[in-house]
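This report refers to the structure that appears directly beneath it.
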There are 2 protein chains.
Amino acid sequence: MGSFLGALLGVKTALPGHATLESCAFKAKNVMKTTAKPTQRKRDPSGPSRATLVEVAEAAGVSASTVSRILNGTARVSSDKRKAVEKAIADLNFTPNVLAQSLKRGQSMTIGVVTPALDSPFFNETLKGIEAGLAGSGYAALIVSGHWNPEEEAERVALLMARKVDGIIMVSGNIPDDQIVRFSEQVPIVATGHGCEADNARAIRVDNVWGGYRATRHLIELGHRQIAHIAGMPNLQDANDRLVGYKHALEDARIPFDEALVVQGDFRESGGMLCANQLLDRGVPFSAVFAANDQTAYGARLAFYRRGIRVPEDISLIGFDDLPGSLYTTPPLTTMRQPVYEIGHMAAGAVLGLITNKPFKLEQPQVELMIRETTRRLR
Amino acid sequence: MGSFLGALLGVKTALPGHATLESCAFKAKNVMKTTAKPTQRKRDPSGPSRATLVEVAEAAGVSASTVSRILNGTARVSSDKRKAVEKAIADLNFTPNVLAQSLKRGQSMTIGVVTPALDSPFFNETLKGIEAGLAGSGYAALIVSGHWNPEEEAERVALLMARKVDGIIMVSGNIPDDQIVRFSEQVPIVATGHGCEADNARAIRVDNVWGGYRATRHLIELGHRQIAHIAGMPNLQDANDRLVGYKHALEDARIPFDEALVVQGDFRESGGMLCANQLLDRGVPFSAVFAANDQTAYGARLAFYRRGIRVPEDISLIGFDDLPGSLYTTPPLTTMRQPVYEIGHMAAGAVLGLITNKPFKLEQPQVELMIRETTRRLR
DNA sequence: CTGTTAGCGCTTTCAT
DNA sequence: ATGAAAGCGCTAACAG
């Protein structure tokens, strides 16, 4: 087998069953410009699939209605016709056009989902739950991102409604509750991280105040008294609630609240890192940090690492959310677990219930303290 | 303000502007069972929106075609009629029914996206790129998950075709290339992490062999000679290619390949952790590890931490992908960066090009070594 | 410039 | 049990 260096010297070498390696030598130029060949979009009747119900009917020698009835089990059909139709369907590789069905039936069999971010591990967990909750229902999810922007979120909702989604799930986001309620006059909405309730709107939200309280209290129970807090995204109720919980825990422990120990983060790693540095630079001593979410905690963790501050030996750190990755940070992160997947699942069940007018259950999901290895008793 | 402990003792307290805290005391029972009230689904003409184009036409005293023409800018319309129509549209809060438009035009203005996992930071970066690439095009993305299962992926494609998506983006996945090509006879497909090429199919894939080579070579350049590899998901070409690159780098450095230094991972943290332990337990010494992807590296990192092995002091570790989180591990992970976002963006551009028959560029995205803090020169 | 007409592919009375 | 006919809401010739 030719050597790599050989390739670099211009000697052609090939790998068994793999792309040639010579590209390595010409990395910078290894550009395959492809231009679309003018390919005709075919609407070729003999081609695979793309048959219509009427064509099936003709092939089977029956009327369109009969085919439709068989497809939907709407009425009894004699078994010979049924067979003929089934054969025709198979022969023509027919699949009903969902668009046409939707138009006719007045429902699109799709649920709109608006998430604040497509690349957040937190919201993706929710999406996964939604997907699971929708599985087998015949409903598909149309996922769009509002990019944390209230106007864009509203715009997205409009887009979803134009596409005639049968229901909407709002995953957190910055859109005001009353606007959600207004939207819900048009289409059923279930919102997580919101507090709205209306005829056609439901909300699922954990008790963030309690969560913030519990997290802080955990630190207090470990003997910490100088506890910093890196807050979450401003104006986001979830974040504010956690701060409120933090204050209450301090109060209950008769620890005076110190403004200098609270900094405004943004729910992201970069913010967490910045804030931790800020905190450190202020010179006000602290032995523990409650980060408003796990991503913030990750950032703070790195800031400490950079300054040679050990976690948990020197500083205890607790997060909020329990992202999948928090099990694998070094050391694994102590955090308040939110059952995000379950929330998504429940939200899906709720929209479906709202749409089909069937009863469903909506319980408040519980946050839970996950003690791992970033918090320790103050010596 | 009432104290928390007060609440626990049954004294009612309320927070200004926030949920009462008493729920804390009754955590286990804090269950709000909600049953759907039988809400009538309204098709109320006077209600907000839900007007049809014909209704607009009537209200404006023109024909439906005129309204349509104004909506789509298909032809000139006298300004008085235009004004009347615009007023009617505003009055009735009219939005065109995309479903009806789609049925008529024969295109749904939606792109199907099948991803192997909804909760993978790697694929979500791609999704984000796709979303950005689609932004402003009028196309929406219908995202479905194939759960790493080839059958399910095929099923998902069928579902997307039934919904008449105008194009499909396959984000990696286990579905065989020739099946993708077959599907592409029905609808344009762009696949990342695949090698298929056909009239209506394009593929975007980085040079994983080169990536594996470069990663390993980085370790070699640092003086390492006993280099372990935690491989990726079996049967996945990307993973195999990286292994091939690894072998070649060893070969070029005249380091004999040692089977005992290669273990089969699964691209996930848990697998990485398991594999690292396996490696350690084998007793074959090594000073560096090339993990097939970042998630694997995270797992390995934790395994080392658990055994008191320091990274990079005792063992150097390099990953592959450069997930957003890799900037914030402790220490930040040295890795091969894949421009995942760009790949998604490019894929979106490519489907759009395929659909509209416009030229587009498809360049092979380059992987790049990101030297951070988990690798160091062997003393 | 604008209205009329004819569907897109499917479902659903209404007869038979 | 089955077919004919009438649309769902919109667009696109085709005539004026």
Side-chain angles (χ1 to χ4, degrees), chain A residues 41 43 45 49-86 88-89 92-110 138 161-166 186, chain B residues 41 43 45 49-86 88-89 92-110 138 161-166 186:
Chain A
R41 288 271 268 146
R43 165 76 180 113
S49 187
R50 202 117 302 196
T52 76
L53 181 143
V54 178
E55 286 164 6
V56 171
E58 279 166 2
V62 299
S63 77
S65 342
T66 302
V67 179
S68 173
R69 285 194 263 258
I70 291 175
L71 246 36
N72 305 298
T74 321
R76 313 187 65 76
V77 175
S78 72
S79 68
D80 48 332
K81 296 208 189 249
R82 153 165 273 122
K83 284 223 184 76
V85 169
E86 273 162 0
I89 289 179
L92 281 75
N93 189 9
F94 165 79
T95 318
N97 182 332
V98 178
L99 253 39
Q101 292 182 312
S102 300
L103 180 57
K104 184 65 204 180
R105 300 207 255 237
Q107 48 173 34
S108 60
M109 300 305 286
T110 112
M161 297 204 298
R163 284 181 174 258
K164 294 289 177 275
V165 295
D166 300 326
Q186 318 238 55
Chain B
R41 289 270 269 144
R43 165 77 180 111
S49 187
R50 200 115 305 193
T52 77
L53 181 145
V54 178
E55 286 165 7
V56 171
E58 278 166 3
V62 299
S63 79
S65 344
T66 302
V67 180
S68 172
R69 284 192 265 259
I70 291 174
L71 245 38
N72 305 297
T74 321
R76 313 187 65 77
V77 175
S78 72
S79 68
D80 48 331
K81 296 209 188 249
R82 152 166 274 120
K83 284 222 185 74
V85 170
E86 274 162 0
I89 289 179
L92 281 74
N93 189 9
F94 164 79
T95 318
N97 182 331
V98 178
L99 253 37
Q101 291 181 312
S102 300
L103 180 59
K104 180 69 204 176
R105 296 192 181 138
Q107 48 172 39
S108 60
M109 299 307 284
T110 113
M161 298 204 298
R163 283 180 175 259
K164 295 287 177 273
V165 295
D166 300 326
Q186 317 238 54

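Lettering follows sequence order; numbering is per chain, from 1.
- You'll find that the side chain of A/Lys81 is closest to D/dG3, out of D/dG3, C/dT2, D/dC10.
- For A/Val77, whose side chain is taken as the heavy atoms from C-beta onward, the closest listed nucleotide among D/dT2, D/dC10, C/dC1 is D/dT2.
- Remark: the backbone N or O of B/Ala162 is not paired with any side-chain donor or acceptor of A/Thr95 at under 3.5 angstrom.
- Looking only at distances, no side-chain donor or acceptor of B/Asn72 sits under 3.5 Å from a matching main-chain atom of B/Thr74.
- Contact annotation for B/Ser65: base contact, defined as any heavy-atom pair under 4.0 Å involving a base atom.
- Between the side chains of A/Ser63 and A/Thr66, at least one donor N or O lies within less than 3.5 Å of an accepting N or O.
- Regarding contacts with the backbone of C/dG9, every side-chain N or O of A/Gln101 stays at 4.0 angstrom or more from both OP1 and OP2.
- Protein atom CE of A/Met109 is 17 Å distant from nucleotide atom C1' of C/dG9, rounded to whole Å.
- Nearest nucleotide to the side chain of A/Thr52, out of C/dC10, C/dT11, D/dC10: C/dC10.
- Counting non-hydrogen atoms under 4.0 angstrom, B/Val67 reaches nothing in the nucleic acid.
- An OP1 or OP2 oxygen of C/dC8 is reached within less than 4.0 angstrom by no side-chain nitrogen or oxygen of A/Asn97.
- One finds the NZ atom of A/Lys104 at 11.5 Å from the CG atom of B/Leu103 (value rounded to the nearest 0.5 Å).
- Remark: A/Thr66 is not in phosphate contact with D/dA1, judged by side-chain N or O atoms under 4.0 Å from OP1 or OP2.
- Comparing D/dG7, C/dT4, C/dT12 against the side chain of A/Lys104 picks out D/dG7 as the nearest.
- A residue-by-residue look at A/Leu53 and B/Ser63 shows that B/Ser63 has its nearest nucleotide of DNA chain C further toward the 5' end.
- At whole-Å resolution of the value, CG in A/Leu103 and P in D/dC10 are 9 Å apart.
- Rounding to whole angstrom units, CG of residue A/Asn72 and P of D/dA1 are separated by 17 Å.
- If you take CG of A/Leu99 and P of C/dG7, they are 20 Å apart, rounded to a whole angstrom.
- Remark: P of C/dC1 and CG of B/Asp80 are 11 Å apart, rounded to the nearest angstrom.
- One atom, NZ of A/Lys83, and another, P of D/dT2, lie 13 Å apart when rounded to the nearest Å.
- Atom CZ of B/Arg82 and atom CZ of B/Arg69 lie 11.5 Å apart (nearest 0.5 Å).
- Counting any heavy atom pair closer than 4.0 Å across all strands shown, A/Ser68 reaches a base atom.
- The nearest heavy atom of DNA chain D to B/Arg69 and to B/Ala100 marks one nucleotide each, and the one closer to the 5' end goes with B/Ala100.
- One interatomic measurement links the two molecules: CG of B/Leu71 to P of C/dT2, which rounds to 15 Å at whole-angstrom precision.
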